[in-house]
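Below you'll find the structure, written out as structure tokens, and then a few comments.
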Amino acid sequence: MGESNSSVDEDLLLKEFFAEVSEVERDNEVIRILSCFKLNPFEFLKLPFDSSPEDVKKQYRKLSLMVHPDKCKHPQAKEAFGVLAKAQQQLLDQQERDYILSQVTSAKEELRAKRKKQLKKDTASKLKSLVDEGKSEQEYEQSEEFQQELKLKVRELLTEQEWRRRKMAMRISEEEGRVKKDEEEQKEMWKRKREHEEQWEGTREQRVSSWRDFMKSGKKTKKGELRPPKLKTEDPNKSYVQRPVKRATSNSITFTQPTGTTTTNNDPPDEGVDQIRSNQELRVFLNPYEKKVKGEG
């Protein structure tokens, strides 16, 4: 019963508050929201880093009613309203919240290390911190100066992480594009190969029938085609004999072997030559020889 009464009282207070808010303040809030650092949802809702999920819900309700498009006449009120909704969603998501808080912890550690280096140089501050036994450090971290430095450091770390994330996403996208391209090339290659095989199979009957026709008809010589000379083994009927070269000396006759070699005989042809060649061929061959001998005699 007490909880329901407290919620009703909060609603009444909110209505009274927004009734007093001027249009200029609403416009200024829209401008503030849109000018915040986009990677830090705590800045959109104007909350410290140690805020609880309940604090997030209350603050979102307050700011969203302030910049609601139905109540705020600013042209970008709808955009600001959407940004607040996204910021609340991120802070209520445990994984997103843990990621942001981990960056906040890293920023605090860097700022503390920086402060220790400064204290080593400043002897008076070092002695004071030893006397206070750490109380000065707690007071410093709760100061406005430290909170501002922490805010800027968190921005820096979130920016670095976002840049790394985008580079990694770009590399992954490029790798996926390369793999996809290779797959498409492989598919195209297999497609062409399959089409070639289908075309080859389609012309099988034509090729087989052409070969059968060729085997039936046999090899025919085209008109005007020159045939190569037959080999000696292909003409058993013709006897190949030694044929003397036409040039002759007084006492020598050169004979040509069937293989292309030549032999020289210093004596006139004997009876063995008559057995190989006909008398007519020998007479024709010896005629210039006989004339030469008779002339010399």
Side-chain angles (χ1 to χ4, degrees), residues 1-11 13-14 17-18 29-72 76-115 134 137-176:
M1 188 70 180
E3 292 181 357
S4 61
N5 290 332
S6 62
S7 62
V8 172
D9 294 338
E10 288 180 0
D11 293 339
L13 290 173
L14 281 173
F17 170 75
F18 288 115
E29 185 62 22
V30 171
I31 296 172
R32 184 200 68 81
I33 292 172
L34 297 179
S35 62
C36 285
F37 180 64
K38 300 185 182 302
L39 300 178
N40 187 0
F42 285 101
E43 290 190 24
F44 289 117
L45 297 174
K46 289 198 298 186
L47 289 173
F49 293 115
D50 56 353
S51 301
S52 65
E54 292 298 325
D55 296 334
V56 172
K57 293 179 182 178
K58 290 179 181 180
Q59 186 70 359
Y60 168 72
R61 186 181 180 189
K62 177 181 177 181
L63 297 180
S64 62
L65 289 175
M66 192 172 182
V67 299
H68 197 279
D70 294 340
K71 297 180 180 180
C72 182
Q76 293 181 304
K78 185 176 180 180
E79 183 179 354
F81 184 79
V83 169
L84 288 177
K86 184 178 179 181
Q88 179 194 221
Q89 183 180 2
Q90 287 179 335
L91 293 179
L92 293 180
D93 186 349
Q94 190 62 37
Q95 186 176 358
E96 289 285 340
R97 185 184 180 89
D98 292 343
Y99 166 72
I100 295 172
L101 292 179
S102 66
Q103 301 303 315
V104 173
T105 303
S106 300
K108 285 182 178 180
E109 291 176 356
E110 291 189 18
L111 291 177
R112 288 168 183 165
K114 180 180 177 181
R115 180 169 174 79
E137 294 297 326
Q138 296 178 359
E139 292 176 358
Y140 173 72
E141 291 184 4
Q142 293 176 359
S143 64
E144 185 66 25
E145 180 184 357
F146 179 82
Q147 293 299 323
Q148 188 64 25
E149 290 182 357
L150 179 61
K151 181 179 178 181
L152 296 175
K153 195 64 181 179
V154 170
R155 284 186 180 184
E156 181 182 345
L157 295 180
L158 289 175
T159 302
E160 291 178 358
Q161 293 297 327
E162 179 64 16
W163 174 241
R164 292 176 183 173
R165 186 190 66 80
R166 291 188 182 186
K167 285 178 65 177
M168 183 61 66
M170 183 175 63
R171 291 178 182 176
I172 292 173
S173 178
E174 290 176 354
E175 183 65 19
E176 290 177 351

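Below, each value reflects all heavy atoms present in this structure, side chains not excepted, and no hydrogens, waters or symmetry copies. Worth saying up front: this structure is predicted, and the values here are computed from it rather than measured.
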Heavy atoms of other groups near Met170 CE, more than 12 under 6.0 Å: yes
Using a 3.5 Å cut-off and no angle test, enumerate the donor-acceptor pairs between side-chain atoms of residues 145-156 and protein atoms at least two apart in sequence or in another chain.
{"from": "Gln147", "atom 1": "NE2", "to": "Glu141", "atom 2": "O", "distance (Å)": "2.8"}
{"from": "Glu149", "atom 1": "OE1", "to": "Tyr140", "atom 2": "OH", "distance (Å)": "3.1"}
{"from": "Lys153", "atom 1": "NZ", "to": "Glu110", "atom 2": "OE1", "distance (Å)": "2.8"}
{"from": "Lys153", "atom 1": "NZ", "to": "Glu156", "atom 2": "OE1", "distance (Å)": "3.4"}
{"from": "Arg155", "atom 1": "NE", "to": "Glu43", "atom 2": "OE2", "distance (Å)": "3.0"}
{"from": "Arg155", "atom 1": "NH2", "to": "Glu43", "atom 2": "OE1", "distance (Å)": "3.0"}

Distance in Å, Gln59 CD paired with Leu45 CG, rounded so as to fall on 0.5 Å steps: 6.5 Å
Exercise: identify the closest heavy-atom pair between Ala87 and Phe44: CB-CB, 3.9 Å
Ion pair check, Glu174 and Arg171, cut-off under 4.0 Å: no
Spatial distance of atom CG (Leu101) from atom NZ (Lys108) [nearest 0.5 Å]: 9.0 Å
Derivation and outcome, side-chain contact (heavy atoms from CB on, under 4.5 Å), residues Lys57 and Leu92: CA-CA 9 Å; Lys57 293 179 182 178; Leu92 293 180; 4.1 Å; yes
Spacing of Leu84 atom CG and Lys62 atom NZ [to the nearest 0.5 Å]: 12.5 Å
Full working for side-chain contact (heavy atoms from CB on, under 4.5 Å) between Leu158 and Tyr99: CA-CA 10 Å; Leu158 289 175; Tyr99 166 72; 4.1 Å; yes
Residue pair Gln94 / Asp98, side-chain donor-acceptor N/O under 3.5 Å: yes
Test salt bridge (Lys or Arg N to Asp or Glu O under 4.0 Å) applied to Arg166 - qualifying residues, sequence neighbours left out: Glu162
Ring geometry between Phe81 and Tyr60 (parallel below 30°, tilted from 30 to 60°, perpendicular above 60°): tilted
CZ-OG distance between Arg97 and Ser102, expressed to the nearest 0.5 angstrom: 12.5 Å
Straight-line distance of Cys36 SG to Ile31 CD1, nearest 0.5 Å: 12.0 Å
Check: Lys38 and Lys86 side chains under 4.5 Å, non-hydrogen atoms: no
Residue pair Leu157, Glu160: steps toward the side-chain contact (heavy atoms from CB on, under 4.5 Å) verdict: CA-CA 5 Å; Leu157 295 180; Glu160 291 178 358; 4.1 Å; yes
Separation between SG of Cys72 and CG of Leu65, rounded to the nearest 0.5 Å: 12.0 Å
Under 3.5 Å: donor-acceptor pair, side chain of Asp55, backbone of Ser52: yes
Working for side-chain contact (heavy atoms from CB on, under 4.5 Å), residues Arg32 and Leu63: CA-CA 11 Å; Arg32 184 200 68 81; Leu63 297 180; 4.0 Å; yes
